[in-house]
Amino acid sequence: MFDRFLVPFDGSGPATAALELAAQIAIGTDATVHLLYVRDPDESDDDEAVDATGRTGEEALSGALDRTSDTDVTVVSDVIQGEPREQILEYATANDIDVICMGSHGRQGLGRFVLGSVAEGVVRDAPVPVLVVRASDDVHEVYPFERILVPTDGSEHAELALDRGIELAVEYGASLHLLSVVDLSPYAFDASAVMVTDRLEANAKTALEKAAETAADEGLDVQTTVEFGAAHRAISSYAEDEGMDLLVMGTHGHSGLDRYLLGSVTERVLRTAPAPVLTERVPEDE
């Protein structure tokens, strides 16, 4: 499915978790994992970039390469200088990367946050899928993926995520969970709240039925659920309660009364998801 992985690496635990997952996915394939260390744009050529543990970029990458030395995965590495988000996106385009694997809330240099906010910026702008791994004791990391969750609202972006979720579920023989969230918070004090609730619930069920039909055509084990509440909380809670191994999300959705999944919801889920999150974004020119 993916032939070229890009792992932005800063020596942190989250970045290491992203590398380990990328390597697991690449094992037994002809895929190549690209490791990229981005130096601070304010450093001179004579300065040595250091990671969260005080190692230089070259030393950090050397340690990362050691982690994959006992596998059959092809790994290449590079150290470049510049603004992290821009350099990651430029590198991905220049090297025909298929998927970017990032750890969230990583650090670089002397306690400077880099791969936390940078990960969200890459998710918003990347022309390829982004797999975000949050390194924490409460994160459920299972590979191969057995249970995949796709939140859906029937939007173009959600449909793109659905296509990817179906593709992954078929490849791994995983069950596919489809979730639509009815978020009533914007209408809490609306006099016509009952009417709004009925409409939103009907829209959610319609989106689920359409998505389930698409997935059923591939012979998948599909489960559909409608939840009520704040979208990001409902998605993360469902993923935790049902033991999801992977979440697949679109980065934008509808607005107004048809809004369930927005870019901001995806970003909030990235911070709290109990499993890795793969994001898909429709290119702006489509």
Side-chain angles (χ1 to χ4, degrees), residues 1-9 14-37 61 64-65 67-69 71-78 85 87-104 115 118-135 139-150 157-174 176 215 218 220 244-251 266 270 273 275-283 286:
M1 178 178 295
F2 299 126
D3 294 323
R4 296 181 181 87
F5 295 76
L6 171 58
V7 181
F9 195 78
T16 299
L19 170 60
E20 291 175 347
L21 181 55
Q24 286 186 69
I25 298 173
I27 287 175
T29 72
D30 294 327
T32 300
V33 175
H34 294 249
L35 279 173
L36 180 65
Y37 189 101
L61 291 178
L65 290 170
R67 290 179 172 271
T68 60
S69 61
T71 71
D72 62 355
V73 178
T74 300
V75 182
V76 298
S77 62
D78 198 2
R85 185 191 65 84
Q87 294 302 318
I88 291 166
L89 295 176
E90 288 180 10
Y91 186 97
T93 299
N95 291 274
D96 295 324
I97 296 300
D98 298 315
V99 60
I100 301 172
C101 300
M102 297 191 69
S104 64
L115 295 187
V118 171
E120 293 172 5
V122 170
V123 164
R124 285 193 297 269
D125 299 326
V128 297
V130 181
L131 180 60
V132 179
V133 182
R134 189 171 62 88
V139 173
H140 179 71
E141 293 186 34
V142 172
Y143 184 83
F145 307 122
E146 297 178 355
R147 293 172 294 276
I148 297 174
L149 171 62
V150 180
H157 297 81
E159 288 179 0
L160 184 64
L162 174 64
D163 290 342
R164 179 69 69 180
I166 291 174
E167 185 180 12
L168 289 165
V170 170
E171 179 171 344
Y172 293 109
L176 186 66
E218 299 296 332
L220 293 173
M244 294 296 103
D245 303 324
L246 178 70
L247 288 73
V248 184
M249 297 186 66
T251 58
T266 300
L270 292 177
V277 181
L278 181 70
T279 65
E280 289 273 347
R281 182 179 70 88
V282 174
E286 291 190 11

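As the structure is a computational prediction, the values presented were derived from the model and not from experiment.
- Between Ala273 and Val139, the shortest heavy-atom distance links the atoms O-CG2, 4.1 Å.
- Note: Leu176 CG to Leu246 CG = 10.5 Å, rounded to the nearest 0.5 Å.
- Interatomic distance, CD of Glu120 versus CG of Leu270, reported as 6.5 Å (0.5 Å rounding).
- A donor-acceptor pair is defined here as one N or O able to donate and one able to accept, closer than 3.5 Å; such a pair exists between the side chain of Arg281 and the backbone of Arg124.
- To the nearest 0.5 Å, the span separating NE2 on His157 from OG1 on Thr279 amounts to 11.0 Å.
- Taken to the nearest 0.5 Å, the OG1 atom of Thr32 stands 8.5 Å off from the CD1 atom of Ile97.
- A donor-acceptor pair is defined here as one N or O able to donate and one able to accept, closer than 3.5 Å; such a pair exists between the side chain of Asp245 and the backbone of Arg147.
- Scanning for side-chain contact (heavy atoms from CB on, under 4.5 Å) contacts around Asp3 gives Asp98, with sequence neighbours left out.
- Listed by chain and residue number, Arg164 satisfy the salt bridge (Lys or Arg N to Asp or Glu O under 4.0 Å) test with Glu167 (two or more places apart in sequence, or in another chain).
- Nearest heavy-atom pair across Leu131 and Pro276 is CD1-CB, 4.0 Å.
- Ala126 pairs by the side-chain contact (heavy atoms from CB on, under 4.5 Å) definition with Leu89, Ile100, Val122, Val130, not counting sequence neighbours.
- For Phe145, the ring-ring contact (aromatic ring centres under 6.0 Å, His included) partners at least two apart in sequence or on another chain are Tyr143, Tyr172.
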Ignoring hydrogens and angles, write down the donor-acceptor pairs under 3.5 Å from the side chains of residues 15-29, residues two or more places apart or on other chains.
| from | atom 1 | to | atom 2 | distance (Å) |
| --- | --- | --- | --- | --- |
| Thr16 | OG1 | Ser12 | O | 2.9 |
| Glu20 | OE2 | Arg67 | NH1 | 3.0 |
| Thr29 | OG1 | Ala26 | O | 2.6 |
| Thr29 | OG1 | Ala31 | N | 3.1 |

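- Here the CD-OG1 distance, from Glu280 to Thr266, works out to 11.5 Å after rounding to the nearest 0.5 Å.
- Across all their heavy atoms, Leu36 and Ile88 have their closest contact at CD2-CA, 4.2 Å.
- A search for salt bridge (Lys or Arg N to Asp or Glu O under 4.0 Å) contacts involving Glu141 returns nothing, not counting sequence neighbours.
- Between Asn95 atom CG and Thr93 atom OG1 the span is 9.0 Å, to the nearest 0.5 Å.
- Here the closest heavy-atom approach between residue Gly165 and residue Ile148 is recorded as O-CD1, 4.3 Å.
- Tested against Leu278, the residues Val150, Leu168, Leu247 include a single side-chain contact (heavy atoms from CB on, under 4.5 Å) partner, Leu168.
- Contact check for Arg134 versus Val277: no side-chain heavy atoms found under the 4.5 Å cut-off.
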